[in-house]
Q: 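Structure in structure tokens, see below.
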Amino acid sequence: MRGKLKLPVGYENFAEIRETGFYYVDKTKLIEQLLEAPSKVTLFTRPRRFGKTLNMSMLKYFFENGTDPQLFEGLHIAQRKDLCEAYL
């Protein structure tokens, strides 16, 4: 049995959450949706404390040059090899 994962209260850095072993709800389908339905502008509207900053951090790490692909291992977006090869 694996050890219990900690809740990332107050953490907003995607890499820190993934590397430190915190509990993470996979939101990487957002990347796929953004790439498959491109628009000129995307507006993220969510209530306070709903993960906007964490999602922006996830997007930053996905599109940033030199990001370690291991950050996304086991997540939904890792199944899309074509997107990972083109953008990660």
Side-chain angles (χ1 to χ4, degrees):
M1 182 174 151
R2 293 187 338 189
K4 290 185 178 181
L5 298 174
K6 304 170 277 190
L7 292 176
V9 177
Y11 289 82
E12 35 187 59
N13 185 304
F14 177 75
E16 188 175 5
I17 289 172
R18 293 287 293 163
E19 291 170 346
T20 313
F22 283 106
Y23 185 77
Y24 176 72
V25 175
D26 187 1
K27 302 277 181 114
T28 58
K29 187 161 179 72
L30 171 68
I31 298 168
E32 182 181 49
Q33 291 170 341
L34 288 172
L35 291 172
E36 289 181 345
S39 63
K40 203 171 194 178
V41 176
T42 302
L43 177 64
F44 293 98
T45 58
R46 295 284 185 261
R48 286 181 56 210
R49 309 288 306 153
F50 211 80
K52 293 181 297 293
T53 304
L54 180 56
N55 282 338
M56 293 301 108
S57 177
M58 174 192 65
L59 289 170
K60 172 188 165 249
Y61 281 103
F62 187 79
F63 291 108
E64 190 172 57
N65 287 335
T67 296
D68 183 10
Q70 296 266 339
L71 280 179
F72 294 92
E73 190 173 293
L75 299 178
H76 174 80
I77 197 67
Q79 297 170 5
R80 292 290 310 267
K81 302 292 184 202
D82 57 328
L83 295 179
C84 289
E85 289 174 7
Y87 296 100
L88 181 61

Q: Start with the C-alpha distance between Arg18 and Tyr24, add both sets of side-chain angles, then the distance that settles side-chain contact (heavy atoms from CB on, under 4.5 Å), and finish with yes or no.
A: CA-CA 7 Å; Arg18 293 287 293 163; Tyr24 176 72; 4.2 Å; yes
Q: Which atom names give the shortest non-hydrogen contact between Phe22 and Leu5, and what distance separates them?
A: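 Looking at all heavy atoms of both residues, the closest pair is C-CB, 4.3 Å.
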Q: Phe14 vs Phe72, test: ring-ring contact (aromatic ring centres under 6.0 Å, His included). Steps then yes/no.
A: CA-CA 10 Å; Phe14 177 75; Phe72 294 92; 5.0 Å; yes
Q: What's the spacing between Phe62 CZ and Leu83 CG if we round to 0.5 Å?
A: 6.0 Å
Q: In sequence, state the C-alpha distance, the side-chain angles, and the governing distance for Leu75 and Glu73, and then conclude on side-chain contact (heavy atoms from CB on, under 4.5 Å).
A: CA-CA 6 Å; Leu75 299 178; Glu73 190 173 293; over 6 Å; no
Q: Output every pair passing side chain to side chain donor-acceptor pair (under 3.5 Å) with a member in residues 42-59, not counting sequence neighbours, ordered by first then second residue.
A: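 Non-adjacent pairs meeting side chain to side chain donor-acceptor pair (under 3.5 Å): Ser39-Thr42.
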Q: Under 4.5 Å between side-chain heavy atoms, counting indirect links through other Ile/Leu/Val/Met/Phe/Trp/Tyr residues: same cluster for Leu34 and Leu71 or not?
A: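 Per the 4.5 Å side-chain linkage, Leu34 and Leu71 are co-clustered.
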Q: Looking at every heavy atom in both Cys84 and Ala78, which two are closest together, and how far apart are they?
A: SG-CA, 4.0 Å
Q: Mark yes or no for whether Thr20, through its side chain, and Ile17, through its backbone, hold a donor-acceptor pair below 3.5 Å.
A: no
Q: I'd like to know if the side chain of Asn13 reaches the main chain of Glu16, judged simply by a donor and an acceptor atom lying under 3.5 Å from each other, with no hydrogens or angles considered.
A: yes
Q: Restricting to ring-ring contact (aromatic ring centres under 6.0 Å, His included), what partner residues turn up for Tyr61, sequence neighbours left out?
A: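 In terms of ring-ring contact (aromatic ring centres under 6.0 Å, His included), with neighbours along the sequence ignored, Tyr61 is linked to no residue.
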Q: Side chains of Gln33 and Ile31: does their closest heavy-atom pair fall under 4.5 Å?
A: no
Q: Show your working on side-chain contact (heavy atoms from CB on, under 4.5 Å) between Ile77 and Lys29 and close with a plain yes or no.
A: CA-CA 6 Å; Ile77 197 67; Lys29 187 161 179 72; over 6 Å; no
Q: Within a reach of under 6.0 Å around CZ of Phe50, are more than 12 heavy atoms found that belong to other residues, nucleotides or ligands?
A: no
Q: Verify side-chain contact (heavy atoms from CB on, under 4.5 Å) between Phe44 and Leu30, making sure each step is shown before the conclusion.
A: CA-CA 11 Å; Phe44 293 98; Leu30 171 68; 3.8 Å; yes
Q: Which residue pairs pass the side chain to side chain donor-acceptor pair (under 3.5 Å) test when at least one of the two sits in residues 75-88, sequence neighbours left out?
A: Glu32-His76, Glu32-Arg80, Glu36-Arg80, Arg80-Asp82
